Novice: 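Here's a structure for you.
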Amino acid sequence: MTADDCLFCKLYRDGNHVNQADGFVAIRDINPQADTHLLVIPQRHIETFREVREFPPDEARRMLDFVAETARAAGLEDYKVVVNVGPEAGQTVFHLHWHILGGRSRELA
Ligand code: 5GP
Ligand code: ZN
């Protein structure tokens, strides 16, 4: 999928953001797997975490800070940060994103 028809490029532009910073937004997952389930979406379109080296170092650092800041702003102290890399690992949207999961998680069968 290219950036032109990418769902997360669209949600970056138009979504209902719970947090935003230069180059990054956070949204609520449409199908939450935990009490709090947020998605951090970078503006830069890369398909998977495998290509994370395409981020300039300062942008990669700011992305990590934004993940932690978004969790803090959501009132989370303890939480999981998850990145699914490739379809076999459960990735369904091919624009890099970070899951933040806080509170009780839904049991996955
Ligand atoms: P992945 O499975 O690729 O790691 O994560 C994709 C996530 O995007 C899933 O948790 C799915 O529920 C969420 N998702 C898919 N479509 C939409 C949407 O249109 N809006 C929002 N907010 N989340 C979505
Ligand atoms: Zn995209």
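Owing to the predicted nature of the structure, the values given are computational and were not obtained by experimental measurement. As the structure lists them, so they are numbered: ligands from 1, and atoms in each ligand from 1.
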Novice: Is there a side-chain contact (heavy atoms from CB on, under 4.5 Å) between F8 and H97? Walk through the geometry before answering.
Specialist: CA-CA 9 Å; F8 280 6; H97 54 281; 3.4 Å; yes
Novice: Which protein non-hydrogen atom lies closest to atom 20 (N) of ligand 1, naming both residue and atom, and how far is it?
Specialist: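 Answer for atom 20 (N) of ligand 1: L11 CD1, 3.6 Å.
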Novice: Please write down residue, atom name and distance for the protein heavy atom closest to atom 8 (O) of ligand 1.
Specialist: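 For atom 8 (O) of ligand 1, the nearest protein heavy atom is F8 CZ, 3.5 Å.
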Novice: Check H45 and report its N/O/S atom nearest to the Zn ion (ligand 2), by atom name.
Specialist: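 Looking only at N, O and S atoms of H45, the one nearest the Zn ion (ligand 2) is named ND1.
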Novice: Could you find the nearest protein heavy atom to atom 3 (O) of ligand 1 and give me its residue, atom name and distance?
Specialist: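 Here the nearest protein heavy atom works out to T92 N, 2.7 Å.
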Novice: Within a radius of less than 6.0 Å around CG of D14, do more than 12 heavy atoms belonging to other residues, nucleotides or ligands occur?
Specialist: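 Yes, CG of D14 has more than 12 neighbouring heavy atoms, counting only those of other groups under 6.0 Å.
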Novice: I'd like to know whether ligand 1 has H97 as a neighbour, heavy-atom separation below 4.0 Å.
Specialist: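 Flag set, H97 near ligand 1.
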Novice: Nearest 0.5 Å, please: how far is CZ in R13 from SG in C6?
Specialist: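 Taking SG in C6 and CZ in R13, the distance rounds to 8.5 Å.
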Novice: In H95, what N, O or S atom is nearest to the Zn ion (ligand 2), if we give its atom name?
Specialist: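 Closest N, O or S atom of H95 to the Zn ion (ligand 2): ND1.
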Novice: Just need the protein heavy atom nearest to atom 22 (N) of ligand 1, so name the residue and atom and give the distance.
Specialist: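 It is R28 O, 2.8 Å.
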Novice: Any idea which heavy atoms bring H95 and Q91 closest together, and the distance?
Specialist: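 Shortest heavy-atom contact: N-NE2, 4.2 Å.
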Novice: I'd like to know whether ligand 1 has F94 as a neighbour, heavy-atom separation below 4.0 Å.
Specialist: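 Per 4.0 Å heavy-atom rule, F94 does not contact ligand 1.
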Novice: Of the listed options (V83, L7, D29, V93), which comes nearest to atom 7 (C) of ligand 1 when hydrogens are ignored and any heavy atom counts?
Specialist: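 Of the listed residues, D29 has the closest heavy atom.
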Novice: Would you mind running through ligand 1 and noting each atom that sits below 4.0 Å from a heavy atom of N31?
Specialist: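 Reading through ligand 1 atom by atom, the close ones are 12 (O).
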Novice: Using a plain distance cutoff, I'd like to know if I30 has any nitrogen or oxygen under 3.5 Å from a nitrogen or oxygen of ligand 1.
Specialist: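 Min N/O separation from ligand 1 is below 3.5 Å for I30.
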Novice: Are there more than 12 heavy atoms of other residues, nucleotides or ligands under 6.0 Å from atom CG of N16?
Specialist: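 Not buried by this count: 12 neighbours or fewer within 6.0 Å.
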Novice: Can you name the nearest heavy-atom pair linking A74 to T36, along with the distance?
Specialist: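 Taking every non-hydrogen atom into account, CB-CG2, 4.5 Å.
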Novice: Counting both backbone and side chain atoms, is some N or O of H99 under 3.5 Å from an N or O of ligand 1?
Specialist: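 Yes.
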Novice: Side chain, backbone, both or neither: which part of V82 comes within less than 4.0 Å of ligand 1 when only heavy atoms are counted?
Specialist: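 It is neither; nothing of V82 touches ligand 1.
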Novice: Please find the pair of heavy atoms, one from R28 and one from L38, that lie closest to each other, and give the distance.
Specialist: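 For R28 versus L38, the nearest heavy atoms are NH1-CD2, 3.7 Å.
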Novice: Whether R44 engages the ring of F55 as a cation-pi pair (distance to the six-membered ring centre under 6.0 angstrom, angle to the ring normal within 45°) should be assessed.
Specialist: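 Cation-pi check for R44 and F55: passes.
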Novice: Give me the atom names and distance for the closest heavy-atom approach of G102 to A34.
Specialist: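 That would be O-CB, 3.7 Å.
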